[in-house]
Amino acid sequence: MPGLAYSPPTSGTPIVWKAQRLQVPDRPIIPFIEGDGIGPDVWAAARRVLDAAVDRVYGGQRQIQWMEILCGEKAVNAKVSALPEETLEAIRTFRVAIKGPLTTPVGGGFRSLNVSLRQRLDLYACVRPVRYYAGTPAPVKHPEKLNVVIFRENTEDVYAGLEWPSGSEEARRLAEFVTRELKAPVNPEAGLGLKPITRVNTQRLVRAAIRYAIDHGCPSVTLVHKGNIMKFTEGAFRDWGYEVAAAEFGDQTVTEKDLWDKYDGKMPAQRVLIKDRIADAMFQQVLLRPDEYSVIATPNLNGDYLSDACAAQVGGLGLAPGANIGDGVALFEATHGTAPKYAGQDKVNPGSLILSGGMLLEHLGWGEAGAAVQQALEKTILSRVVTYDLARQLENAQEVRCSVFAEKIVENLASLA
């Protein structure tokens with residue numbers, strides 16, 4: 001392999017994608033990207049917890065064989081590109097990977113590595129479960145009422161990267177074309193961007209959300225959009241979402257309109273309710289009526305805003321897991337940034353990456369270990385032995401380092417029933 005030569009652990013076996021399912025061996029090889037800034041701190045903590053959870057539940061019969069791959073600052077320091085082709089190929093080959101936070105410059109510099117990974121690997125569903133862990137300080141009266149799984153489309157919308165700066169030749173030419181040919185006046189000095197939203201990408205995202213709701217017994221899927229203003233992009237997202245629900249899940253779903261027109265408001269048994277909400281109204285809904293929502297499907301930008309806003313209601317991004325999932329490939333991640341001022345201080349909350357690792361275990365079919373991670377983390381928070389971000393909001397809390405927080409979770413794993 002030119003440039004970087006990754007050497008898989010000889011004691012491990014690759015995961016295989018067969019018949020639209022992952023075939024997971026007892027010792028799967030899982031690539032990891034340590035991440036930038038606080039990445040090494042939170043990854044070391046997460047790895048320790050994940051290994052302990054697998055050992056606690058399966059008693060040595062199963063074990064993850066970790067393999068480091070490079071991306072971000074570590075790749076640049078190795079004098080390769082920030083996103084090496086070998087790293088992409090490793091994730092494709094081994095099917096499931098996990099990463100810490102990666103640096104994304106604002107304005108100039110290289111393009112977001114997070115976005116590039118999602119698009120290059122066609123990881124079209126950004127999946128963000130948001131729920132409350134008992135004992136976590138939160139800014140709302142009843143954070144426990146919020147329990148949603150957000151499916152955010154990952155590959156298009158304004159995140160497609162189709163934009164040109166004000167004053168550039170490309171922006172002027174595009175403005176001239178739109179003004180002249182489409183009769184829609186655009187200031188020639190404007191910075192311009194395109195917002196592609198397609199039927200095929202919308203429907204595979206909504207399909208994944210509905211399948212998740214059916215498989216996990218969730219009561220509803222809500223399509224969140226701004227279709228009252230952007231009728232042919234976000235409005236189309238809504239229409240295409242309803243379309244795939246009717247065409248492929250007609251006997252397992254019911255729309256909100258039919259619920260009242262045909263069923264007098266009484267939900268039929270074994271059905272998932274399909275409904276939609278305007279994006280700005282949805283921000284009110286998750287604050288005022290959070291328990292009415294379960295699975296949410298949304299275009300890229302709305303999902304970015306909404307997932308962070310929901311995370312804030314239950315304690316913040318420090319405890320917000322996330323995954324980027326495509327057909328046969330998945331990349332789990334910390335949802336927060338690199339926090340460079342805390343790099344190397346063993347200080348920050350590793351909860352996001354730990355819980356993302358718990359999602360990874362569930363994705364492997366090791367749901368018992370994933371559940372154990374959540375239970376032990378919650379038990380640790382309830383004991384008030386926490387990192388600084390939580391300690392400063394809790395009375396009588398014991399503030400500990402990132403690594404010590406992980407140690408306490410491991411201790412609580414050992415004491416689970």
Looking at every heavy atom in both [X] and [Y], which two are closest together, and how far apart are they?
{"X": "Ala90", "Y": "Pro31", "answer": "O-CG, 4.1 Å"}
{"X": "Arg128", "Y": "Ser307", "answer": "NH1-OG, 3.1 Å"}
{"X": "Ala171", "Y": "Leu192", "answer": "O-CD1, 3.5 Å"}
{"X": "Leu364", "Y": "Pro28", "answer": "CD1-CG, 4.5 Å"}

| query | Above 12 or not: heavy atoms from other molecules or residues under 6.0 Å from CD of Glu189? | reply |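 Yes.
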Inter-residue atom distance [X].[atom1] - [Y].[atom2], 0.5 Å rounding:
{"X": "Ile274", "Y": "Leu223", "atom1": "CD1", "atom2": "CG", "value": "6.5 Å"}
{"X": "Thr298", "Y": "Phe237", "atom1": "OG1", "atom2": "CZ", "value": "5.5 Å"}
{"X": "Cys126", "Y": "Glu333", "atom1": "SG", "atom2": "CD", "value": "6.0 Å"}
{"X": "His225", "Y": "Thr222", "atom1": "NE2", "atom2": "OG1", "value": "10.0 Å"}
{"X": "Arg277", "Y": "Asn302", "atom1": "CZ", "atom2": "CG", "value": "15.0 Å"}
{"X": "Arg152", "Y": "Ile296", "atom1": "CZ", "atom2": "CD1", "value": "13.5 Å"}

Does this structure show an ion pair linking [X] with [Y], if we count only N-O contacts that are shorter than 4.0 Å?
{"X": "Glu407", "Y": "Arg401", "result": "no"}
{"X": "Lys347", "Y": "Asp41", "result": "no"}
{"X": "Glu292", "Y": "Lys275", "result": "no"}
{"X": "Arg92", "Y": "Glu89", "result": "yes"}
{"X": "Lys408", "Y": "Glu411", "result": "yes"}

Set of side-chain contact (heavy atoms from CB on, under 4.5 Å) partners for [X], sequence neighbours left out:
{"X": "Asp291", "answer": "Lys145"}
{"X": "Lys379", "answer": "Asn412, Ser415"}
{"X": "Leu182", "answer": "Phe177, Val178"}
{"X": "Gln374", "answer": "Arg131, Tyr133, Leu355"}

| said: Listing request: all ring pair (Phe, Tyr, Trp, His ring centres under 6.0 Å) pairs with a residue in residues 275-298, at least two apart in sequence or in separate chains. | reply: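 Found none.
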Check: [X] side chain, [Y] main-chain N or O, donor-acceptor pair, under 3.5 Å:
{"X": "Thr179", "Y": "Ala175", "value": "yes"}
{"X": "Glu368", "Y": "Val57", "value": "no"}
{"X": "Thr335", "Y": "Ala320", "value": "yes"}
{"X": "Gln345", "Y": "Lys341", "value": "yes"}
{"X": "Gln63", "Y": "Arg27", "value": "no"}
{"X": "Asn300", "Y": "Glu153", "value": "yes"}
{"X": "Gln284", "Y": "Asp280", "value": "no"}
{"X": "Thr253", "Y": "Val272", "value": "no"}
{"X": "Tyr242", "Y": "Asp276", "value": "yes"}
{"X": "Ser116", "Y": "Leu113", "value": "no"}

| Tell me, which pairs form a side-chain hydrogen bond (donor to acceptor under 3.5 Å, both in side chains) where one or both residues lie in residues 262-272, sequence neighbours left out? |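 Residue pairs passing side-chain hydrogen bond (donor to acceptor under 3.5 Å, both in side chains), neighbours aside: none found.
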| request: Determine whether Met67 and Pro9 make a side-chain contact, defined as any pair of heavy atoms from C-beta on separated by less than 4.5 Å. | output: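 Yes, at least one pair of side-chain atoms sits under 4.5 Å.
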| So among Ile15, Ile29, Thr13, which one has a side chain to side chain contact (heavy atoms under 4.5 Å, CB included) with Phe94? |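 With Phe94 as partner, side chain to side chain contact (heavy atoms under 4.5 Å, CB included) holds for just one option, Ile29.
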| Reference residue Glu73; test side chain to side chain contact (heavy atoms under 4.5 Å, CB included); the match among Thr103, Leu102, Thr338 |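 When Thr103, Leu102, Thr338 are each tested with Glu73, the side chain to side chain contact (heavy atoms under 4.5 Å, CB included) holds only for Thr103.
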| message | With no hydrogens and no angle check, just 3.5 Å: does a side-chain donor-acceptor pair link Tyr58 and Asp26? | response |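 Side chains of Tyr58 and Asp26: no pair found under 3.5 Å.
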| said: Quiz question: by atom type and distance under 3.5 Å, do the side chains of Asp327 and Tyr124 form a donor-acceptor pair? | reply: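 There is such a pair (donor and acceptor under 3.5 Å, judged by atom type) between the side chains of Asp327 and Tyr124.
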| request: Describe, in one word, how the ring planes of Tyr342 and Tyr388 are oriented to each other, choosing from parallel (under 30°), tilted (30 to 60°) and perpendicular (over 60°). | output: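 Answer is tilted, since the angle falls between 30° and 60°.
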